[in-house]
Number of protein chains: 2
Amino acid sequence: MQKEHNLSKNQKIIFDLIDKSGGPMKAYSILFNVQKKGIKAPLQVYRALDKLVEIGKIHKIESRNAFIACQNSSCQISKATAFSICESCENVSEISNSKLSKYLSNFSDDSGMKYSKYNLEFFGLCKKCKSK
Amino acid sequence: MQKEHNLSKNQKIIFDLIDKSGGPMKAYSILFNVQKKGIKAPLQVYRALDKLVEIGKIHKIESRNAFIACQNSSCQISKATAFSICESCENVSEISNSKLSKYLSNFSDDSGMKYSKYNLEFFGLCKKCKSK
DNA sequence: TTATAAATGTTATATTATTACATAACGTTA
DNA sequence: TAACGTTATGTAATAATATAACATTTATAA
Ligand SMILES: [Zn+2]
Ligand SMILES: [Zn+2]
Ligand SMILES: [Zn+2]
Ligand SMILES: [Zn+2]
């Protein structure tokens, strides 16, 4: 059972926007879209984004400086994320593959470092773009 | 046998700096450090960085907006990169593990997407920081 | 209630990266 | 060598991404 997070007003506005968009959104595009709802400053957006990332409702796509709603109901803690990114249309989707996540979560090398978190980004061409 | 890339003047200055630093460096810190050598503008730095990334002499640590010299002589093409990052001291090292790279290079899911590239970042505490 | 933490509002500023345009150096081959 | 195309450089301006600092309000809970 997951912990229920009661989102605050700004957090809810911003999460709903990202979630409905169905894809990755950039911070200033989010800002532009929520100005009519009274969120006027970048910091208001970044604070909500930080919190949403922290509780796993969204993830940051590091290579794109963009944020996407979690598409994987079981990953509320954002400690093990994997994405596939189309380099042509920039479509992004979250990879939910238990073998992969098991493999990476258990990965260790000879550095003596214990990894508590990872983020993996795969790049390529999606079906649509490949057939063009 | 790898292709020999003759670095241009600016590319060489910037690669040498990053390489000697032994760790990740940020673009504007690089800029500051090479101003005495005549490189005065951000764009000069970013152009050299782009080229160095393209030919695999350096990699970008996406989660840190920083650049590190390739520590793995065999990865001149930057298509399959993995790093371990200490969240306390920000030490970064490139992971060179043939099992891991084989596993990820061959990874495919049911999306019909063929992945030509990946970047993986592991996070945790390094030995030193753990024992503090 | 009272204190504590979490969230908000606002202004300013810092950091990271690109556009646009002009010039110079380099490598190839006629 | 001369002409051509490609790559690299120089410079100024600006765009895009993100945080600092400070004041106030709202939610949580002892
Ligand atoms: Zn997720
Ligand atoms: Zn695509
Ligand atoms: Zn490398
Ligand atoms: Zn450390």
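A, B, ... follow the sequence lines: proteins, then strands. Residue 1 opens every chain.
Both B:Lys40 and B:Lys51 sit near DNA chain D, but only B:Lys51 has its closest nucleotide nearer the 5' end.
What separates CE of A:Met25 from P of D:dA18 is a distance of 14 Å, to the nearest Å. Note: NZ (B:Lys37) to P (D:dG10) measures 14 Å, nearest angstrom. Nucleotide D:dA15 holds its P atom 16 Å from the CG atom of B:Leu43, rounded to whole Å. In this entry the distance linking CZ of B:Phe32 with P of C:dA14 reads 16 Å, nearest Å. In this structure, the CD atom of B:Gln44 is 17 Å from the C1' atom of C:dT16, given to the nearest Å. Distance CG (B:Leu49) to C1' (D:dA8): 15 Å, rounded to an integer number of Å. As rounded to whole Å, 9 Å separates atom P of C:dT15 from atom NZ of B:Lys26. A straight line from CG of A:Leu31 to P of C:dG9 spans 13 Å, rounded to a whole angstrom.
The cluster map of Ile, Leu, Val, Met, Phe, Trp and Tyr, joined by side-chain heavy atoms under 4.5 Å apart, puts B:Ile68 and B:Ile30 in different clusters. B:Tyr28 is connected to B:Ile39 through a chain of hydrophobic side-chain contacts under 4.5 Å among Ile, Leu, Val, Met, Phe, Trp and Tyr, so both are in one cluster.
A sub-4.0 Å separation between OP1 or OP2 of D:dA27 and a side-chain N or O of A:Ser8 is absent. Phosphate contact (OP1/OP2 of D:dG10, side-chain N/O of B:Lys9, threshold under 4.0 Å): present. Residue B:Asn65 places at least one side-chain N or O closer than 4.0 Å to OP1 or OP2 of C:dA17.
Checking A:Ser8 against A:Asn10 by side-chain atom types alone, no donor-acceptor pair falls below 3.5 Å.
Side chain of B:Arg47, nearest nucleotide from D:dG10, D:dA20, C:dG9: D:dG10. Considering only side-chain atoms of B:Tyr46, the nucleotide from C:dT18, C:dT10, D:dG10 that sits closest is C:dT18. Taking every side-chain heavy atom of B:Asn10 into account, D:dT9 is the closest of C:dA7, D:dT9, C:dT18.
Using bins of under 30°, 30° to 60° and over 60° for the plane-to-plane angle, the ring pair A:Phe122/B:Tyr118 lands in the perpendicular bin.
The existence of a salt bridge linking B:Glu87 and A:Lys117 is confirmed by a sub-4.0 Å separation between a basic side-chain nitrogen and an acidic carboxylate oxygen.
By the stacking rule of 5.5 Å between ring centres and under 30° between planes, B:Tyr28 does not stack on the base of C:dT15.
Using a 4.0 Å heavy-atom cutoff across all strands shown, B:Lys60 reaches sugar-phosphate atoms only and no base atom.
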